[in-house]
Visitor: 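Structure below; questions to follow.
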Amino acid sequence: MEVYIDKECWDKIINYAKAAYHTEKCEIGGMSVVTQDKDGDWLIQEPVILKQEIGSTTCDLDKEELAKYYTQMAVKYNKTNFRFCWWHSHHTMSAFWSGTDISSIDEYGEGESDLSFALVVNLKEEYKCRVSVWKPVEIHQDVELNIISNEPDVEIPLDIVTEVKEKCETRTYNHVGYSKTHKTQIGNSTLPLWDDTRNKWNGYKRLEDVYVPNEQEVANFEAKYEYAVMKATEFIRQVTIGDWSMHKFKKAIRETNKQIENYGVQIEELNKREFKEFTEMESAPWELIVCDAKFADIADALMEFQSYNGGYII
């Protein structure tokens, strides 16, 4: 028996893991369907994430959402021999089965399942893939996962970052001045990112008529903000190591800004002199992010969080 996964599905799992770490410094988990072919081999497909609570070393899928998922997949694959695969990430740690992981795997043996799969990955794309036979005799074996395709790795897609922000609630911190679970009234304040000698941060203005974004607007803004910071970090690195010219740097920023311009966030362009000043000051990548005034408090809280955690690691 062999276990396979398409490169597209593998990349999706890895990108979920990267997005959860880069935005929240947390693990993330999800589910996949595993179908059997005529040769008796198994294919892991359709990886998804569900509503969950995530932490630096744990992730707990919402039980109600998980029950709905099982029902939906049972209807969709009712004419196929299929099982389920629980997958999760260990971000910067090695890929191994922790005591908590073993307990989660054992839960499948307490139900009606005769066979289940589990997968743990990390940001280096290392993994452990376990096949568990529950009936008639309990057997567990870690197997090689065959990734179908030799396509090159891709960047974390914007929709992956957005989905992680929408479905995952972290238990490890509260934003300063802003909570995911409570709306915050935006005060009349000016929040410059740099000192007043740089008059480029016109997104932050004193508000006369206060507008409070709704929950969906906040979720979209957070996802796009963090995506912008990740992109800015990578763009700065490419120029710093000498792989990119300033022309390519500006072009990359403009292309990214087109994707996020409708969500109240943009990456500031710099010329050669400004870039030199920026790096000499050892400024952080999020200092290049310009936001609409209505998201000022949220952006400020996100900057506080990035500063406290030492920024993004790409």
Visitor: Under a 4.0 Å threshold between the charged nitrogen and the carboxylate oxygen, would Glu163 count as salt-bridged to Lys167?
Guide: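 Salt bridge: yes.
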
Visitor: Return the set of residues passing side-chain hydrogen bond (donor to acceptor under 3.5 Å, both in side chains) with Ser245 (not counting sequence neighbours), or none when no residue passes.
Guide: none

Visitor: Return the set of residues passing salt bridge (charged side-chain N to carboxylate O under 4.0 Å, His left out) with Glu282 (not counting sequence neighbours), or none when no residue passes.
Guide: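 For Glu282 there are no salt bridge (charged side-chain N to carboxylate O under 4.0 Å, His left out) partners, ignoring immediate neighbours.
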
Visitor: Do the charged groups of Lys250 and Glu269 touch, with an N to O distance under 4.0 Å?
Guide: no

Visitor: Excluding sequence neighbours, so at least two apart, what forms side-chain hydrogen bond (donor to acceptor under 3.5 Å, both in side chains) with Gln45?
Guide: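 Gln45: side-chain hydrogen bond (donor to acceptor under 3.5 Å, both in side chains) contacts with Thr35, Tyr77.
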
Visitor: Using the test ring pair (Phe, Tyr, Trp, His ring centres under 6.0 Å), find all partners of Phe221 that sit at least two apart in sequence or belong to another chain.
Guide: Tyr225, Phe295

Visitor: Got a sec, which pairs hit salt bridge (Lys or Arg N to Asp or Glu O under 4.0 Å) with one end in residues 93-104, sequence neighbours left out?
Guide: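 Residue pairs with at least one partner in residues 93-104: there are none.
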
Visitor: Once you measure the plane-to-plane angle for Tyr108 and Tyr70, does it fall in the parallel (<30°), tilted (30-60°) or perpendicular (>60°) bin?
Guide: perpendicular

Visitor: Taking ring pair (Phe, Tyr, Trp, His ring centres under 6.0 Å) as the definition, give me every residue that meets it alongside His90, ordered by chain and number, with sequence neighbours left out.
Guide: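 With neighbours one apart ignored, the set is His88, Phe96.
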
Visitor: Does this structure show an ion pair linking Lys231 with Glu234, if we count only N-O contacts that are shorter than 4.0 Å?
Guide: no

Visitor: Parallel, tilted or perpendicular: which fits the ring planes of Trp134 and His140, with parallel below 30° and perpendicular above 60°?
Guide: perpendicular

Visitor: Check salt bridge (charged side-chain N to carboxylate O under 4.0 Å, His left out) between Asp142 and all other residues, then give those that pass, not counting sequence neighbours.
Guide: Arg130

Visitor: Quick one: hydrophobic cluster around Val75, which other residues, with the 4.5 Å side-chain cut-off, linked directly or via members?
Guide: none

Visitor: Which heavy atom of Ile44 sits nearest to which heavy atom of Ile5, and what is that distance?
Guide: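 Closest approach of Ile44 to Ile5: O-CG1, 3.6 Å.
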
Visitor: Got a sec, which residues hit side-chain hydrogen bond (donor to acceptor under 3.5 Å, both in side chains) with Glu166, two or more places apart in sequence or on another chain?
Guide: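 Listed in chain order: Gln216.
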
Visitor: Name all residues meeting the side-chain hydrogen bond (donor to acceptor under 3.5 Å, both in side chains) criterion together with Ser104; count only those two or more places apart in sequence or in a different chain, and write none if there are none.
Guide: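 Per chain and number, Ser104 pairs via side-chain hydrogen bond (donor to acceptor under 3.5 Å, both in side chains) with no residue.
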
Visitor: Which heavy atom in Ile49 sits nearest to a heavy atom in Gly29, and how many Å separate them?
Guide: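 What the structure gives for the nearest pair is CG2-O, 3.7 Å.
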
Visitor: One thing to verify: whether Lys276 and Glu280 come together as a salt bridge, which I'm taking to mean a side-chain N less than 4.0 angstrom from a carboxylate O.
Guide: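 Yes, this pair counts.
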
Visitor: Can you list the residues that meet the side-chain contact (heavy atoms from CB on, under 4.5 Å) rule with Lys51, with sequence neighbours excluded?
Guide: Asp62, Glu65

Visitor: My understanding is that only residues two or more places apart in sequence, or in another chain, count here; which of them pass side-chain contact (heavy atoms from CB on, under 4.5 Å) with Lys251?
Guide: Glu255

